[in-house]
Amino acid sequence: MRNAPFVTNYLTEHVADDAYATLAGYERAGGYAAARRAIDGLTPDDVLSEVERSGLRGRGGAGFPAGTKWAFMPRDERPALLVCNADESEPGSFKDRLLLERAPHKILEGILIAAWATRARQTFVYVRGEYAFAAAEMERAIAEASAAGLLGDDVLGSGFRHEVVVVRGGGAYICGEETGLLESLEGRKGQPRKKPPYPAEHGAF
(Lines give C-alpha, C1' and ligand atoms only; values in the text may rest on other atoms or scores of the structure.)
Protein backbone atom coordinates (compact mmCIF):
# COMPACT_ATOMS: atom_id res chain seq x y z
CA MET A 1 0.00 0.00 0.00
CA ARG A 2 1.40 3.39 -0.94
CA ASN A 3 1.84 6.04 1.70
CA ALA A 4 -0.56 8.95 1.32
CA PRO A 5 1.16 12.21 0.32
CA PHE A 6 1.88 14.60 3.16
CA VAL A 7 -0.78 17.28 3.37
CA THR A 8 -0.58 20.52 5.34
CA ASN A 9 -3.97 21.95 6.20
CA TYR A 10 -2.91 25.58 5.96
CA LEU A 11 -6.36 27.00 6.59
CA THR A 12 -7.35 24.74 9.46
CA GLU A 13 -4.02 23.72 10.97
CA HIS A 14 -4.63 25.50 14.30
CA VAL A 15 -8.40 25.87 14.50
CA ALA A 16 -8.73 23.33 17.34
CA ASP A 17 -6.85 25.79 19.58
CA ASP A 18 -9.32 28.20 21.18
CA ALA A 19 -6.60 30.84 21.56
CA TYR A 20 -6.04 30.91 17.79
CA ALA A 21 -9.16 33.07 17.42
CA THR A 22 -7.50 35.79 19.50
CA LEU A 23 -4.80 38.18 18.32
CA ALA A 24 -2.28 36.91 20.89
CA GLY A 25 -2.89 33.27 20.01
CA TYR A 26 -2.78 33.92 16.29
CA GLU A 27 0.51 35.82 16.54
CA ARG A 28 2.03 33.02 18.68
CA ALA A 29 1.37 30.69 15.74
CA GLY A 30 3.15 33.04 13.34
CA GLY A 31 0.14 35.13 12.41
CA TYR A 32 0.55 38.47 10.65
CA ALA A 33 4.17 37.68 9.72
CA ALA A 34 3.22 37.46 6.04
CA ALA A 35 1.31 40.75 6.18
CA ARG A 36 4.28 42.45 7.88
CA ARG A 37 6.63 41.10 5.24
CA ALA A 38 4.36 42.31 2.45
CA ILE A 39 3.74 45.80 3.80
CA ASP A 40 7.21 46.44 5.24
CA GLY A 41 9.31 44.92 2.49
CA LEU A 42 7.39 44.56 -0.77
CA THR A 43 5.66 46.93 -3.14
CA PRO A 44 2.04 46.25 -4.09
CA ASP A 45 3.21 45.12 -7.53
CA ASP A 46 5.75 42.76 -5.90
CA VAL A 47 2.96 41.15 -3.86
CA LEU A 48 0.74 40.84 -6.90
CA SER A 49 3.52 39.14 -8.87
CA GLU A 50 4.25 36.76 -6.01
CA VAL A 51 0.59 35.74 -5.71
CA GLU A 52 0.39 35.20 -9.47
CA ARG A 53 3.53 33.02 -9.41
CA SER A 54 2.22 31.01 -6.45
CA GLY A 55 -0.76 29.69 -8.40
CA LEU A 56 -3.07 30.46 -5.46
CA ARG A 57 -6.69 29.85 -6.41
CA GLY A 58 -10.05 30.62 -4.91
CA ARG A 59 -12.00 27.89 -3.15
CA GLY A 60 -15.31 28.31 -4.99
CA GLY A 61 -16.46 27.17 -8.40
CA ALA A 62 -13.56 26.31 -10.67
CA GLY A 63 -11.03 27.98 -8.39
CA PHE A 64 -10.19 31.19 -10.23
CA PRO A 65 -6.52 32.29 -9.91
CA ALA A 66 -6.30 34.89 -7.14
CA GLY A 67 -3.45 36.83 -8.74
CA THR A 68 -5.39 37.22 -11.97
CA LYS A 69 -8.48 38.45 -10.15
CA TRP A 70 -6.45 40.94 -8.11
CA ALA A 71 -4.81 42.21 -11.29
CA PHE A 72 -8.24 43.11 -12.69
CA MET A 73 -8.49 45.98 -10.19
CA PRO A 74 -8.18 49.34 -11.99
CA ARG A 75 -5.08 51.39 -11.19
CA ASP A 76 -6.71 54.79 -11.61
CA GLU A 77 -7.74 57.43 -9.08
CA ARG A 78 -10.99 55.76 -8.07
CA PRO A 79 -10.98 54.52 -4.45
CA ALA A 80 -10.45 50.75 -4.42
CA LEU A 81 -12.70 48.52 -2.30
CA LEU A 82 -12.49 44.82 -1.54
CA VAL A 83 -15.33 42.45 -0.74
CA CYS A 84 -14.75 39.25 1.22
CA ASN A 85 -17.56 36.84 0.29
CA ALA A 86 -18.49 34.87 3.42
CA ASP A 87 -22.15 34.45 2.51
CA GLU A 88 -21.88 30.66 2.23
CA SER A 89 -25.48 29.98 1.33
CA GLU A 90 -24.72 26.60 -0.23
CA PRO A 91 -26.67 24.02 1.85
CA GLY A 92 -24.44 21.86 4.03
CA SER A 93 -21.30 23.95 3.49
CA PHE A 94 -19.58 25.40 6.55
CA LYS A 95 -16.05 26.28 5.45
CA ASP A 96 -16.61 30.03 5.86
CA ARG A 97 -18.26 29.63 9.26
CA LEU A 98 -15.33 27.56 10.53
CA LEU A 99 -12.79 30.21 9.56
CA LEU A 100 -14.89 33.15 10.76
CA GLU A 101 -15.43 31.57 14.17
CA ARG A 102 -12.07 29.85 14.70
CA ALA A 103 -9.57 31.82 12.60
CA PRO A 104 -10.85 35.36 12.10
CA HIS A 105 -7.36 36.86 12.18
CA LYS A 106 -6.26 34.56 9.36
CA ILE A 107 -9.04 36.10 7.26
CA LEU A 108 -7.95 39.60 8.29
CA GLU A 109 -4.33 38.88 7.39
CA GLY A 110 -5.37 37.68 3.95
CA ILE A 111 -7.48 40.81 3.55
CA LEU A 112 -4.52 43.02 4.51
CA ILE A 113 -2.24 41.38 1.96
CA ALA A 114 -4.88 41.66 -0.77
CA ALA A 115 -5.55 45.27 0.19
CA TRP A 116 -1.87 46.18 0.01
CA ALA A 117 -1.52 44.51 -3.39
CA THR A 118 -4.58 46.25 -4.82
CA ARG A 119 -4.18 49.57 -2.97
CA ALA A 120 -7.64 49.18 -1.43
CA ARG A 121 -8.60 51.35 1.51
CA GLN A 122 -11.66 49.44 2.73
CA THR A 123 -12.96 45.87 2.84
CA PHE A 124 -16.52 44.70 3.35
CA VAL A 125 -16.82 41.22 4.86
CA TYR A 126 -20.25 40.03 3.71
CA VAL A 127 -21.39 37.39 6.21
CA ARG A 128 -24.41 35.13 5.83
CA GLY A 129 -27.30 36.57 7.85
CA GLU A 130 -27.77 33.42 9.97
CA TYR A 131 -24.13 33.49 11.13
CA ALA A 132 -24.65 35.76 14.14
CA PHE A 133 -21.81 34.29 16.22
CA ALA A 134 -19.43 34.20 13.25
CA ALA A 135 -20.13 37.87 12.51
CA ALA A 136 -19.58 38.78 16.16
CA GLU A 137 -16.25 36.93 16.23
CA MET A 138 -15.16 38.75 13.09
CA GLU A 139 -16.07 42.11 14.60
CA ARG A 140 -14.19 41.23 17.79
CA ALA A 141 -11.08 40.33 15.77
CA ILE A 142 -11.35 43.59 13.81
CA ALA A 143 -11.45 45.53 17.07
CA GLU A 144 -8.37 43.66 18.33
CA ALA A 145 -6.47 44.27 15.11
CA SER A 146 -7.44 47.94 15.05
CA ALA A 147 -6.28 48.45 18.64
CA ALA A 148 -2.94 46.84 17.75
CA GLY A 149 -2.35 49.08 14.72
CA LEU A 150 -2.93 46.28 12.21
CA LEU A 151 -5.93 48.14 10.80
CA GLY A 152 -6.80 51.82 10.71
CA ASP A 153 -5.17 55.00 9.46
CA ASP A 154 -1.55 53.83 9.80
CA VAL A 155 -1.28 50.06 9.30
CA LEU A 156 1.94 48.77 10.91
CA GLY A 157 3.33 52.32 10.89
CA SER A 158 3.51 52.28 7.09
CA GLY A 159 1.17 55.16 6.36
CA PHE A 160 -1.16 52.74 4.58
CA ARG A 161 -4.80 53.10 5.60
CA HIS A 162 -7.26 50.23 5.67
CA GLU A 163 -10.49 49.49 7.49
CA VAL A 164 -12.68 46.39 7.56
CA VAL A 165 -16.46 46.45 7.96
CA VAL A 166 -18.71 43.43 8.60
CA VAL A 167 -22.01 43.41 6.70
CA ARG A 168 -24.76 40.88 7.52
CA GLY A 169 -26.57 39.41 4.52
CA GLY A 170 -30.28 38.67 4.35
CA GLY A 171 -30.04 34.90 4.00
CA ALA A 172 -30.66 34.82 0.25
CA TYR A 173 -29.00 31.95 -1.61
CA ILE A 174 -28.30 34.08 -4.68
CA CYS A 175 -26.13 36.48 -2.69
CA GLY A 176 -23.36 33.91 -2.77
CA GLU A 177 -22.94 34.87 -6.43
CA GLU A 178 -20.54 37.81 -6.62
CA THR A 179 -22.73 40.29 -8.47
CA GLY A 180 -25.83 39.36 -6.47
CA LEU A 181 -23.77 40.01 -3.36
CA LEU A 182 -22.78 43.46 -4.65
CA GLU A 183 -26.41 44.33 -5.36
CA SER A 184 -27.31 43.37 -1.77
CA LEU A 185 -24.31 45.24 -0.38
CA GLU A 186 -25.52 48.38 -2.12
CA GLY A 187 -28.97 48.02 -0.53
CA ARG A 188 -30.87 46.55 -3.46
CA LYS A 189 -32.52 43.20 -4.05
CA GLY A 190 -29.88 40.48 -4.34
CA GLN A 191 -29.90 39.39 -7.96
CA PRO A 192 -27.11 38.82 -10.49
CA ARG A 193 -25.95 41.58 -12.80
CA LYS A 194 -25.33 41.08 -16.48
CA LYS A 195 -21.65 40.60 -17.31
CA PRO A 196 -19.59 42.24 -18.67
CA PRO A 197 -18.75 44.60 -17.08
CA TYR A 198 -17.23 42.38 -14.40
CA PRO A 199 -17.16 43.29 -10.70
CA ALA A 200 -13.55 44.52 -10.68
CA GLU A 201 -14.32 46.80 -13.63
CA HIS A 202 -17.75 48.03 -12.58
CA GLY A 203 -17.04 48.17 -8.85
CA ALA A 204 -19.51 48.92 -6.07
CA PHE A 205 -21.30 52.03 -4.90
Side-chain angles (χ1 to χ4, degrees), residues 6-42 44 47-48 50-61 63-67 69-70 81-88 90 93-118 120-128 131-152 155-156 158 160 162-169 176 178 181:
F6 178 77
V7 176
T8 299
N9 298 314
Y10 290 107
L11 294 179
T12 58
E13 184 178 7
H14 301 288
V15 295
D17 179 8
D18 290 343
Y20 193 65
T22 69
L23 177 59
Y26 183 65
E27 289 187 318
R28 278 199 301 273
Y32 288 108
R36 292 178 188 277
R37 173 178 171 262
I39 294 172
D40 290 343
L42 300 174
V47 175
L48 188 58
E50 192 162 316
V51 172
E52 288 177 324
R53 286 196 304 271
S54 75
L56 179 68
R57 289 177 172 268
R59 298 180 65 80
F64 198 84
K69 181 171 281 191
W70 295 7
L81 304 174
L82 296 180
V83 177
C84 175
N85 184 349
D87 182 68
E88 191 165 70
E90 186 70 35
S93 177
F94 302 105
K95 59 175 176 42
D96 294 350
R97 188 179 75 176
L98 177 67
L99 294 175
L100 288 164
E101 294 181 358
R102 306 295 296 179
H105 284 284
K106 182 179 283 291
I107 295 173
L108 288 178
E109 183 169 22
I111 285 171
L112 266 181
I113 294 169
W116 178 248
T118 59
R121 297 299 180 90
Q122 188 176 39
T123 294
F124 294 95
V125 181
Y126 188 97
V127 180
R128 180 177 175 175
Y131 285 179
F133 179 67
E137 282 296 281
M138 198 69 208
E139 288 174 337
R140 178 192 56 75
I142 290 168
E144 280 188 312
S146 298
L150 292 158
L151 293 172
V155 175
L156 296 172
S158 65
F160 176 60
H162 195 76
E163 66 170 339
V164 179
V165 178
V166 174
V167 178
R168 297 278 298 280
E178 58 184 358
L181 186 156

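Since this is a predicted model, take the numbers as computed values, not measurements.
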For the residue pair [X] and [Y], establish whether any side-chain heavy-atom pair is separated by less than 4.5 Å.
X    : Y    : value
K95  : T12  : no
L112 : L108 : no
L150 : L156 : yes
T123 : H162 : yes

If you look at every heavy atom in [X] and [Y], which pair is closest and at what distance?
X    : Y    : result
R168 : A135 : CD-CB, 3.4 Å
A86  : L100 : CB-CD1, 3.9 Å
C84  : I111 : CB-CD1, 4.3 Å
E101 : E137 : O-OE1, 3.7 Å
E144 : L23  : OE1-N, 3.1 Å
A145 : Y32  : CB-OH, 4.1 Å

*What residue among N85, V167, V166 forms side-chain contact (heavy atoms from CB on, under 4.5 Å) with F124?*
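When side-chain contact (heavy atoms from CB on, under 4.5 Å) is applied between F124 and each of N85, V167, V166, only V167 qualifies.
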*Which one of V164, V165, I107 satisfies the side-chain contact (heavy atoms from CB on, under 4.5 Å) criterion with I142?*
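Of V164, V165, I107, side-chain contact (heavy atoms from CB on, under 4.5 Å) with I142 is met by V164 alone.
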Is the backbone of [Y] close enough, under 3.5 Å, to the side chain of [X] for a donor and an acceptor to pair up by distance?
X    : Y    : result
R140 : P104 : no
D87  : Y126 : no
S146 : A143 : no
W116 : A38  : yes

_The test is side-chain contact (heavy atoms from CB on, under 4.5 Å); show your working for R128 and D96 and say whether it passes._
CA-CA 9 Å; R128 180 177 175 175; D96 294 350; over 6 Å; no
*Evaluate the ring planes of H14 and Y20, with Trp represented by its six-membered ring, and classify them as parallel (under 30°), tilted (30 to 60°) or perpendicular (over 60°).*
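If you compare the ring of H14 with that of Y20, the planes turn out tilted.
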*What is the distance from atom CD of E27 to atom OG1 of T22, rounded to the nearest 0.5 Å?*
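One gets 9.0 Å once the value is rounded to the nearest 0.5 Å.
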*First locate atom CD1 of I113, then atom CZ of R37, and finally report the distance between them rounded to the nearest 0.5 Å.*
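Here the rounded value is 9.0 Å.
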*Quick one: do M138 and Y131 satisfy side-chain contact (heavy atoms from CB on, under 4.5 Å)? Show the steps, please.*
CA-CA 11 Å; M138 198 69 208; Y131 285 179; over 6 Å; no
*For L81 and R121, run side-chain contact (heavy atoms from CB on, under 4.5 Å): C-alpha distance rounded to whole Å, both residues' side-chain angles, the deciding distance at 0.1 Å, then the answer.*
CA-CA 6 Å; L81 304 174; R121 297 299 180 90; over 6 Å; no
_Salt bridge present between K106 and E109 (N-O < 4.0 angstrom)_ =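 The answer is no: the pair does not qualify as a salt bridge.
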